[in-house]
2 protein chains.
Amino acid sequence: MGRKRLQESADGRPTVHTVAARAGVSIASASRVLNGVGGSPETVRKVREAAAEVGYVPNAIARSLQSQRTGLIALAVEDIGNPVYVEMMRAIEEVVAASGRQLLVHATGGQIANETALLRRLAHRYVDGMIVSPIRVTDDHLAALVDSPVPVVVIGQLGADAPVDNVRTDSRTGVCLAVDHLVAAGRRRIGFVNGPLDTVPGAARDAGFRAALAAHGIEVDERLVEVGDFQYAAGRAATERLLARARPDALVCANDLIAVGALHALLAAGHRVPSDVALVGMDDTELARMMFPQLSSVSLGSAERGRRAAELLLQRIADPTLPPRREQVPPSLAVRASSAAVPDVSPLFVPAPAAPPTPEVTA
Amino acid sequence: MGRKRLQESADGRPTVHTVAARAGVSIASASRVLNGVGGSPETVRKVREAAAEVGYVPNAIARSLQSQRTGLIALAVEDIGNPVYVEMMRAIEEVVAASGRQLLVHATGGQIANETALLRRLAHRYVDGMIVSPIRVTDDHLAALVDSPVPVVVIGQLGADAPVDNVRTDSRTGVCLAVDHLVAAGRRRIGFVNGPLDTVPGAARDAGFRAALAAHGIEVDERLVEVGDFQYAAGRAATERLLARARPDALVCANDLIAVGALHALLAAGHRVPSDVALVGMDDTELARMMFPQLSSVSLGSAERGRRAAELLLQRIADPTLPPRREQVPPSLAVRASSAAVPDVSPLFVPAPAAPPTPEVTA
DNA sequence: TTGTACGCGTTATCAT
DNA sequence: ATGATAACGCGTACAA
């Protein structure tokens, strides 16, 4: 039989009705004042006062139901522990915040097998739009993306015909940059520590590695190729396996986490970096600059991709009729100590207290 | 004059009305079927069919307005780049997901000066509860926390009288563990690289450091104490400043990011770790195990704190009348190569390919 | 300027 | 089992 709606809300908290009643005005007036539109000075004062007295807090859910927007943007990534996502997220946050919205990050943490379910669930209108960066794209995935009830932008490679806004890079070419650099530095026994081949980036980087070697007329030695996961421990383990059966003079790693694992494995096995083995990572994250020696790394423009994705999303939210767009961010190589062209002195073995400052780090 | 509500929703998407009309039943029946309660086999079939045909997706906002819950939990941290929050988040996620809810992470990124505003905004009912881990607690902060419209659990030190659920550790004692360990290993010129003193953890760790030295009868040499930020670059810079004016034989760092910066600074300056300078970090994150040599670190039980905080939050959501609770997680020390008690051989200088495996890393 | 009344999309209640 | 209808809390035409 429903109580009279002139009092508090179900959970005992004040609503517009509470404020209106206390101020002695209608809920319409109260609402107007609380939203800063209209109201005579006297009304404004009374409503403000009443609101403060009862500690009124607007119910965002109800507001959203009315306005059809939540002001929330979601970002879904697989592994929040990967610094590349941190950089992406910072860039996205900047754009999103500038538009007066809020960014929410959902980390599947690699734990949730069914990312599709998450996608559907999160997209049930709790957010005005979302950015996803999947590393595996199944048909289910794609279907969920395409008929998402809210605007979606995908960061990463996607089928050419997928009608979804998409920001990509060319990690294939990225690997080539690394190989070219190493070959130019005189390396020939170049190894590759990759992530799973059934992932989109894993496959692309594998192809890039083989194409690059072929371009230089170098035959691929399968003993120099190892596959693990896109993570530190797996990268380290993979490198240990590789070192147990081969003697590379350079190592390309499919991301920086793997590269850090490789560095650890190399040093632990007594190899000097870069004099014995040159090392190049990928993603060019903060992690690469945190290592000693600092890691060369192929930048895939993660921040730029994040920024662009956020902009595409905001545009689509503003105008849902836009045709699907596709943007591409070119890779670039940052050369640092781990693959210095003149590896006559390994930084690790400089004994003097006055060693030359490591490049690209400003204190 | 409002259009008849028997068709689509405002943005052209199907609603319960659409489904009901198409199935030739009432919205009540449609709703029941869609929620899996009641309905004759025939009705169920018709509704399911109609829903599939029009691609019905329930509007979570409307559902929440009705049910008074969103099924979302928020976690607000300052710096998502700090691995300690990653571990905390993983632990929280596990508990939250097990309760059938979803975790949303909001990273202020250290950019938003007014975290209080965020707190209020995010708490306007978009989430069923939230966990915050502030490093600075102002009066405003505290006020916002106390009269938050949704349940809040704070991870971190808080005034003893604050009526807010709270999970803390004792980083003061944590620093003591590190100092005790270093003194036992024969170190005497122990330095300290801290974060800002106007933060809660910064102040606590400073106090802990001074208390620990005093307990061992060692006078504090202010030249061995340096303050920066809780981040890598700042930690490295602070260590460089410290090394420019003093010669420590050990360094305690206020977190692992700082410790990594310190390691980089030490190695770049030609110091061996641990033989010349022993190094101990804090938080015992994955980062500590990624370094070479691996970093000793004081665990503040970040995962455990996260887990407990999530449990407290779920309990409070279930029963808001619970009195404020306070839990404490004790610190512990993980000793690794960077402060090995027998520093006769620096791992950095082991030349043999068959070096002993670094402890605590399983490939 | 102010108040009345309706709609946002859903679930729950109460008759039938 | 089913259908009409009242909430949930808010914003806003529209009329006064």
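In what follows, every chain begins at residue 1, and chains take the letters A, B, ... in the order their sequences are listed. This structure is a prediction, so every number in the text was calculated from the model and none was measured.
Remark: P of D:dT2 and CG of B:N35 are 15 Å apart, rounded to the nearest angstrom. When rounded to the nearest whole Å, the span between CZ of B:R69 and P of C:dA12 equals 11 Å. Whole-Å rounding puts the B:I61 CD1 to C:dT11 P distance at 13 Å. At whole-Å resolution of the value, NE2 in A:H124 and P in C:dG9 are 16 Å apart. For the pair B:H17 NE2 and C:dT11 P, the interatomic distance rounds to 11 Å; values are reported in whole Å. Following rounding to the nearest Å, A:I27 (CD1) and D:dA13 (P) show an atom-to-atom distance of 14 Å.
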Inset, instruction - Could you walk me through whether A:R308 and A:V329 pass the side chain to side chain contact (heavy atoms under 4.5 Å, CB included) test, one step at a time? - result: CA-CA 9 Å; A:R308 296 240 205 134; A:V329 176; 4.2 Å; yes
Inset, instruction - Kindly determine whether A:L103 and A:I131 satisfy side chain to side chain contact (heavy atoms under 4.5 Å, CB included), including the steps that lead there. - result: CA-CA 10 Å; A:L103 181 68; A:I131 300 174; 5.8 Å; no
Legend entry - CA sep, side-chain torsions, deciding dist, call: A:V150, A:I317, side chain to side chain contact (heavy atoms under 4.5 Å, CB included): CA-CA 8 Å; A:V150 303; A:I317 290 174; over 6 Å; no
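Rounded to the nearest 0.5 Å, atoms CG (B:D165) and CG (B:L158) are 10.5 Å apart. How far CG of B:N166 is from CD of B:Q328: 9.0 Å, rounded to the nearest 0.5 Å.
Between A:Q68 and C:dG9, a side-chain N or O to OP1/OP2 separation shorter than 4.0 Å is present. In this structure, A:S40 reaches the C:dT2 phosphate: one of its side-chain N or O atoms is under 4.0 Å from OP1 or OP2. Contact between the side-chain N/O atoms of B:N59 and the OP1/OP2 oxygens of C:dC8 is not found at any separation under 4.0 Å. Side-chain nitrogen and oxygen atoms of A:Y56 include none within less than 4.0 Å of the OP1 or OP2 phosphate oxygen of D:dG9. Put simply, B:S26 has no side-chain N or O that comes within less than 4.0 Å of OP1 or OP2 on D:dT2. Contact check, A:S64 against D:dC10: no side-chain N or O comes under 4.0 Å of OP1 or OP2. Taking only side-chain nitrogens and oxygens, B:T43 never comes nearer than 4.0 Å to OP1 or OP2 of D:dA1. For the pair B:T15 and C:dG9, the criterion of a side-chain N or O lying under 4.0 Å from OP1 or OP2 is not met.
The base of C:dG3 lies close enough to the side chain of A:R32 for a donor and an acceptor atom to sit less than 3.5 Å apart. Under 3.5 Å, the side chain of A:Q66 and the base of D:dG9 form no donor-acceptor pair of N or O atoms.
A residue-by-residue look at B:L65 and B:V44 shows that B:V44 has its nearest nucleotide of DNA chain D further toward the 5' end. In terms of position on DNA chain D, the residue among A:L34 and B:E42 whose nearest nucleotide sits closer to the 5' end is B:E42.
When heavy atoms are screened at a 4.0 angstrom cut-off, A:S67 is found touching no nucleic acid atom at all. Among the protein residues, A:S29 comes within range of the sugar-phosphate backbone only, with heavy atoms under 4.0 Å from sugar or phosphate atoms but none that close to a base.
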